[in-house]
Amino acid sequence: MNFYEAARFQYGAARLLVKLAQFRATGKFVANISDKSNHNVELVAQSGGSFNYNVEETKPAADAFLNIALSDLVAYVAERVIEKLDETTMAKVVLPALDYDEDEAEDDGLEVTEIDDMAEAVLAGDKLTASLSPETSKIIKRRVAEVYRERRLAAAAKAIGKITEDQSQKLLAMAAPLIVEMGTALRKSANTLEITTQKRGPVRSVLFLDRKMAREIETAAVDRVITPILGDITQFNKENGWGKLRIENGAKMISFSIPSDVLPTIRQTLIDNMKKDLVYFKTYFVRDRAKKVKRLIVVGILPTPAS
């Protein structure tokens with residue numbers, strides 16, 4: 001593995017986990033990590049020939065701000081940094097020897113159902129079959145991570161609810177560039193990157209990146225402030241929170257994603273509002289290097305202002 005890329009990954013991962021540990025304990029984190037603020041995140045000894053970085057998961061203190069695992073906080077920030085699977089990407093999945101009518105599949109969205117079925121099987125401990133193409137395997141692994149983040153955040157919903165809007169903004173501003181830093185390892189050395197967790201039972205993925213995903217987040221920057229925006233929804237996947245809407249009086253189409261800890265609280269409101277021409281969203285803009293908005297992260301819905 002390329003030494004420089006490995007070091008950049010480890011530096012980004014270390015800063016991310018230490019700052020999440022600080023936030024879990026106190027509800028805030030420092031800009032610069034010192035000996036005094038360096039929470040004791042320990043590495044587990046590696047097995048020979050492996051490029052795994054095994055971090056020991058310790059229980060938070062009894063008086064911690066959040067009584068949750070660090071992997072729950074990784075899930076929280078990943079939901080906001082990593083774009084959800086879209087229908088175009090899912091359409092690339094090629095599943096071997098499936099016996100179904102192509103016309104029915106087109107009408108019923110069977111491809112998406114099969115992806116979710118395979119993701120559930122992996123979460124239950126099954127391994128992906130070797131007959132899958134590399135591209136399909138990566139899409140399934142990405143969906144596995146999405147589903148598992150959703151479960152973790154649902155289980156930790158009460159604690160996650162203590163995170164204020166201001167704290168969430170600061171967490172996102174801190175975590176996004178560090179996840180980008182971790183993705184450096186995917187430039188030449190590695191093909192995929194996963195953050196996994198295991199307590200009892202199978203190892204489960206809470207974050208998955210491949211080279212294409214890493215390039216996308218490397219060239220993207222999440223705004224540090226929330227921007228309200230009016231949009232007309234044209235597509236919405238109620239299962240994973242991905243969708244598309246028209247903005248700027250219908251002149252521009254843009255994709256959005258809703259973090260899975262936010263989705264249950266606004267799903268029905270969003271569906272009800274789809275019957276209207278415009279919906280008023282609370283969003284973070286995600287911009288490319290030219291500062292153009294490339295996608296939105298939706299974190300709430302506001303009352304539509306009177307015209």
Side-chain angles (χ1 to χ4, degrees), residues 1-6 8-10 12-13 46-54 71 74-75 78-79 81-100 102 105-106 109-151 179-198 202-220 237 239-242 255 257 260 294-295:
M1 188 173 187
N2 182 278
F3 190 19
Y4 176 77
E5 292 181 356
R8 288 277 296 271
F9 158 76
Q10 192 166 7
Q46 294 186 31
S47 58
S50 171
F51 287 105
N52 293 330
Y53 294 90
N54 297 318
S71 45
V74 172
E79 276 291 291
V81 176
I82 310 299
E83 187 172 13
K84 299 293 185 73
L85 269 171
D86 58 68
E87 292 178 3
T88 303
T89 303
M90 290 193 201
K92 295 176 183 176
V93 169
V94 178
L95 299 174
L98 286 178
D99 184 19
Y100 63 90
E102 288 187 5
E106 197 169 301
L110 187 59
E111 294 92 340
V112 177
T113 303
E114 292 288 345
I115 290 169
D116 282 350
D117 286 348
M118 294 187 78
E120 293 290 347
V122 171
L123 285 170
D126 291 352
K127 297 202 179 289
L128 288 176
T129 174
S131 62
L132 294 175
S133 70
E135 183 68 20
T136 294
S137 292
K138 286 188 285 189
I139 293 171
I140 300 298
K141 289 178 181 178
R142 184 174 174 182
R143 182 60 182 145
V144 167
E146 285 185 359
V147 172
Y148 189 56
R149 286 199 297 267
E150 181 181 346
R151 290 184 183 177
I179 293 176
V180 170
E181 188 82 27
M182 291 163 61
T184 303
L186 295 170
R187 287 180 182 171
K188 292 186 294 184
S189 295
N191 292 315
T192 62
L193 180 158
E194 285 186 85
I195 296 179
T196 61
T197 181
Q198 183 179 30
V203 175
R204 295 187 172 99
S205 175
V206 75
L207 183 150
F208 174 85
L209 288 178
D210 59 21
R211 286 183 172 180
K212 182 175 181 291
M213 295 169 69
R215 285 194 300 270
E216 287 172 352
I217 64 170
E218 188 173 0
T219 58
N237 183 324
E239 300 302 325
N240 77 346
W242 177 88
S255 67
S257 60
S260 62
K294 57 187 294 186
R295 64 183 177 92

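Between Phe208 and Arg143 there is no side-chain heavy-atom pair separated by less than 4.5 Å. Side-chain contact between Ile217 and Leu209 is present, with heavy atoms from C-beta onward closer than 4.5 Å. Counting heavy atoms from C-beta on, the side chains of Asp210 and Asn191 never come closer than 4.5 Å. For the pair Ser255/Trp242, a side-chain contact is recorded, criterion being any heavy-atom separation below 4.5 Å from C-beta on. Side-chain contact between Leu132 and Met118: present, with at least one pair of heavy atoms (C-beta onward) separated by less than 4.5 Å. No side-chain heavy atom of Met182 sits under 4.5 Å from any side-chain heavy atom of Leu207.
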>> What verdict does the side-chain contact (heavy atoms from CB on, under 4.5 Å) test give for Lys84 and Asn237, after you've listed the backbone C-alpha separation in whole Å, the side-chain angles of each residue and the deciding distance to 0.1 Å?
In response: CA-CA 10 Å; Lys84 299 293 185 73; Asn237 183 324; over 6 Å; no

> Where do Lys141 and Leu128 land on the side-chain contact (heavy atoms from CB on, under 4.5 Å) test, with the steps shown first?
Replying inline: CA-CA 9 Å; Lys141 289 178 181 178; Leu128 288 176; 3.9 Å; yes

>> Would Glu146 and Ser260 count as a side-chain contact (heavy atoms from CB on, under 4.5 Å) here? Give the steps.
In response: CA-CA 8 Å; Glu146 285 185 359; Ser260 62; over 6 Å; no

> Going through the checks in order, is the side-chain contact (heavy atoms from CB on, under 4.5 Å) test met by Lys212 and Glu216?
Replying inline: CA-CA 6 Å; Lys212 182 175 181 291; Glu216 287 172 352; 2.7 Å; yes

> Given the rule in the salt bridge (charged side-chain N to carboxylate O under 4.0 Å, His left out) test, do Arg211 and Glu5 qualify, once you have shown the distances and angles that lead to the verdict?
Replying inline: CA-CA 13 Å; Arg211 286 183 172 180; Glu5 292 181 356; over 6 Å; no

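Shortest non-hydrogen contact noted between Gly183 and Ala214 is O-CB, 4.1 Å. Across all non-hydrogen atoms, the minimal contact from Ala75 to Val206 is CB-CG2, 3.6 Å.
Between the side chain of Arg204 and the backbone N or O of Thr197 there is no donor-acceptor pair closer than 3.5 Å. Judged by distance alone, the side chain of Arg8 and the main-chain N or O of Glu181 form no donor-acceptor pair under 3.5 Å. At least one donor-acceptor pair closer than 3.5 Å links the side chain of Ser189 to the backbone N or O of Asn2.
Interatomic distance, Glu239 CD to Ile115 CD1, rounded to the nearest 0.5 Å: 13.0 Å. Atoms CE and CD1, from Met213 and Ile82 in turn, are 5.0 Å apart once rounded to the nearest 0.5 Å. In this structure, the separation between OG1 on Thr184 and OH on Tyr4 is 7.0 Å, given to the nearest 0.5 Å. Summarising the geometry, atom OG belonging to Ser205 is positioned 8.0 Å from atom CZ belonging to Arg149; distances are rounded to the nearest 0.5 Å.
The residues Glu218 and Arg215 are annotated as not salt-bridged, no charged nitrogen and carboxylate oxygen being separated by less than 4.0 angstrom.
Of the residues listed (Asn240, Leu123, Val122), the one engaging Val147 in a side-chain contact (heavy atoms from CB on, under 4.5 Å) is Leu123, and it is the only one.
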